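What you see is a predicted model; the values in this text were computed from it and never measured.
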Amino acid sequence: MAAAETETAAALQEEVNALQMRVQELERENQRLVKVASSCTCGFKDGSVGSIAVASSCLYGSNPEAQRDGKFHQSSALEKDLNAPFDHTVISTKNEIQCSRNVEGNGLPDDSSKRTKRRGRQDGILSHCSKRLVALKVMYFGQRFYGFSSEGNTEPTVESEIFKALERAKLMVGSRKESCYSRCGRTDKGVSASGQVISLYLRSNIKDVGGDMQDERSEIDYVKVLNRILPQDIRVLGWCPIPADFHARFTCLGREYKYLFWKGGLDILQEMQKAASKFVGEHDFRNFCKMDAANVSNYRRRITEFTISACGKRSNNDELCSMTIKGTAFLWHQVRCMVAVLFLIGQGLESPSVIDSLLDITKTPRKPQYKMAAELPLILRSCLFDKADFMCSSDASRSLTLHLNDEYHHYMLQAEIFHEALSCLPFPESNSLEKLQKKRNHIPLLSRQTEPSYEERIAKVKTKLTDNLSIAS
């Protein structure tokens, strides 16, 4: 009997010794993982992330009863020894892998697991990590979007898709308001862009982002990460670090728009170009925009260039042309309104002198009613900033080129299908009588019904405000 008890005690002592060695191994592993977590920028630094369940699994080994009960039924001394490591932070191997993916994989999240909300952090938004203020150059094709801005209730918008991608990539630091987000322009529904610029704080791999010499090669590849997630008709073209006083809208030095159109019977060389040159300079463009009297009081803007030229592409005896408009800033619908009036001039329905009359707000204080030019051919081509050098890695650049080439070939095939359909139809002869009838039915701009003037609009806004205040009181 005594021999059996001695054998049992020896076995227990041997198991205690083995467990104590395991505890020491776990403590060493814990120290190593803490070092990994300290250099990680993915938001898993909080001690609350520690996984006692994983540590317990390591401690209990293959003992199913112990795993089920969550403790050993041994001596109190053994329980005391086992409790010791739980006073330290134990970070799970799963979190270590996630940290490695965020550092080595340029911040791309592990989409295979659904993460629950943790203390101080929402899904897709981190609050305890390094960040830096960056500008992103964005390209998008506007056919399916309800404009760039997501301030309305209509979806989808370009902005809403960008923020979805930022959150999914775990690049957001805090809320959108806390990110100091700004955008260069608010393009309308259907309008495209090849050089839109936004700025905001994003998660960074670099701790001391204020240093003079930053090794950007160790930074998150924002272009590559986002383009993996964004829809096919939105692409990030580049990124750059920017100073704290940068604002995508107010520090922009100039914007360039391009408007594509088929020449048809338009007189682009003489009449339209002569009229377009009248826009160059600083003018009051209230008759060439959608007036927002409640928010805008100054309608003076400076146009630095307005040219009309052929693009060198022809189809069915027609020629593709473009208007290039550069300026410091633009009003709501300003470009499309200017283009609409130029089309009337190119058709011979209006004289170039009508531009002078519409720019003279003393002579023409109320905007004549006319239809804006279509939105689809309009492109926000570029936004100019001082010392904003956008970067794109070679991998991201190759992916961009392949993607845009594929899209180009896809739409060229579609265009050829329509061209093939057109070839099956007889081309109608030009009808000079139809053109003459159109000219007879045209109502000159300066003879049309007009919209309210700015003074009338602002008076109405003030009256409404006064009425609301009196009702509230």
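Side-chain atoms of Ser160 do not come within 3.5 Å of backbone N or O of Ser150 as any donor-acceptor pair. With hydrogens and angles disregarded, no donor-acceptor distance shorter than 3.5 Å links the side chain of Glu416 to the backbone of Met412. A donor-acceptor pair under 3.5 Å is absent between the side-chain atoms of Lys367 and the main chain of Arg286, judged by distance alone. Side chain of Asp360 to main chain of Asp356: no donor-acceptor pair is present (N/O by atom type, distance under 3.5 Å, no hydrogens or angles). For Gln369 (side chain) and Glu451 (main-chain N/O), no donor-acceptor pair under 3.5 Å exists by modelled atom type. Arg235 contributes a side-chain N or O that, together with a main-chain N or O of Asn227, makes up a donor-acceptor pair within less than 3.5 Å. Using a distance-only test at 3.5 Å, with no hydrogens or angles considered, a donor-acceptor pair links the side chain of Ser192 to the main chain of Gly142. Remark: the backbone N or O of Gly327 is not paired with any side-chain donor or acceptor of Arg302 at under 3.5 angstrom. For His410 (side chain) and Asp406 (main-chain N/O), no donor-acceptor pair under 3.5 Å exists by modelled atom type. Proximity of a side-chain donor or acceptor of Gln273 to a complementary backbone N or O of Phe306 within less than 3.5 Å is detected.
One distance of note links CG of Leu445 with OG of Ser351; it measures 11.0 Å at 0.5 Å rounding. For the atom pair CZ of Phe279 and CE of Met338, the computed distance is 6.0 Å after rounding to the nearest 0.5 Å. To the nearest 0.5 Å, the span separating OH on Tyr222 from OG on Ser204 amounts to 4.5 Å. To the nearest 0.5 Å, the span separating CE on Met272 from CG on Leu344 amounts to 9.5 Å. The SG atom of Cys184 sits 10.0 Å away from the NE2 atom of His247 when rounded to the nearest 0.5 Å. Rounding to the nearest 0.5 Å places NZ of Lys263 at 12.0 Å from SG of Cys311.
Within the 4.5 Å cutoff, the side chain of Leu136 has no heavy atoms near those of the Ile162 side chain. Side-chain contact between Val296 and Trp332 is absent, with no heavy-atom pair separated by less than 4.5 Å. In this structure, the side chains of Cys240 and Asp389 stay at 4.5 Å or more apart for every pair of heavy atoms. Proximity of Val339 to Phe343: side-chain heavy atoms (C-beta onward) are separated by under 4.5 Å at one or more points. In this structure the side chain of Leu166 reaches within 4.5 angstrom of the side chain of Leu226, judged on heavy atoms.
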Point to revise | side chain to side chain contact (heavy atoms under 4.5 Å, CB included) assessment of Leu200 paired with Phe163 | key: CA-CA 11 Å; Leu200 73 170; Phe163 273 96; 4.3 Å; yes
Point to revise | CA sep, side-chain torsions, deciding dist, call: Leu266, Glu271, side chain to side chain contact (heavy atoms under 4.5 Å, CB included) | key: CA-CA 9 Å; Leu266 296 172; Glu271 295 297 293; over 6 Å; no
**Study point:** Residue pair Lys290, Asp292: steps toward the side chain to side chain contact (heavy atoms under 4.5 Å, CB included) verdict
**Key:** CA-CA 7 Å; Lys290 184 173 182 179; Asp292 182 12; over 6 Å; no
Practice item. Apply the test side chain to side chain contact (heavy atoms under 4.5 Å, CB included) to residues Trp239 and Leu202: give CA-CA distance (whole Å), side-chain angles for both, the deciding distance (0.1 Å), then the verdict. Key: CA-CA 11 Å; Trp239 76 276; Leu202 294 181; over 6 Å; no
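Ion pairing between a basic and an acidic side chain is recognised when a charged N comes within 4.0 Å of a carboxylate O; Arg398 and Asp395 show such pairing.
Enclosure of atom CG in Leu465 by more than 12 non-hydrogen atoms of other residues, nucleotides or ligands within 6.0 angstrom is indicated. When the shell of 6.0 Å around NZ of Lys278 is examined, it contains more than 12 heavy atoms from other residues, nucleotides or ligands. For CD of Gln449, the number of neighbouring non-hydrogen atoms (other residues, nucleotides, ligands) closer than 6.0 Å is 12 at most. The number of heavy atoms from other shown groups lying within 6.0 Å of CG (Asp467) is above 12. Atom CZ of Arg249 is surrounded by 12 or fewer heavy atoms from other residues, nucleotides or ligands within 6.0 Å. Atom OH of Tyr370 has more than 12 neighbouring heavy atoms from other residues, nucleotides or ligands inside a 6.0 Å radius.
Across every non-hydrogen atom of Leu230 and Glu161, the tightest pair is CD2-O, 3.8 Å. The two residues Leu253 and Asp386 come nearest to each other via the heavy atoms CD1-N, 3.8 Å. Nearest approach of Thr251 to Phe385, heavy atoms of both residues: O-CD2, 3.6 Å. Contact detail for Ile242 and Ser199: the closest heavy-atom pair is CD1-CB, 3.6 Å. Across Met323 and Leu342, no two heavy atoms sit closer than the pair SD-CD1, 3.9 Å. The shortest non-hydrogen separation linking Val173 to Arg203 is CG2-N, 3.4 Å.
Sorted by first and then second residue, the salt bridge (Lys or Arg N to Asp or Glu O under 4.0 Å) pairs involving residues 142-160 (not counting sequence neighbours) are Arg144-Asp233, Glu151-Arg183, Glu151-Arg186, Glu159-Arg176, Glu159-Arg183.
Side-chain contact, Thr324 with Glu256: no donor N or O sits under 3.5 Å from an acceptor N or O.
Ring-centre distance between Phe285 and Phe330: not below the 6.0 Å cut-off. A centroid separation of less than 6.0 Å is found between the aromatic rings of Tyr299 and Tyr454.
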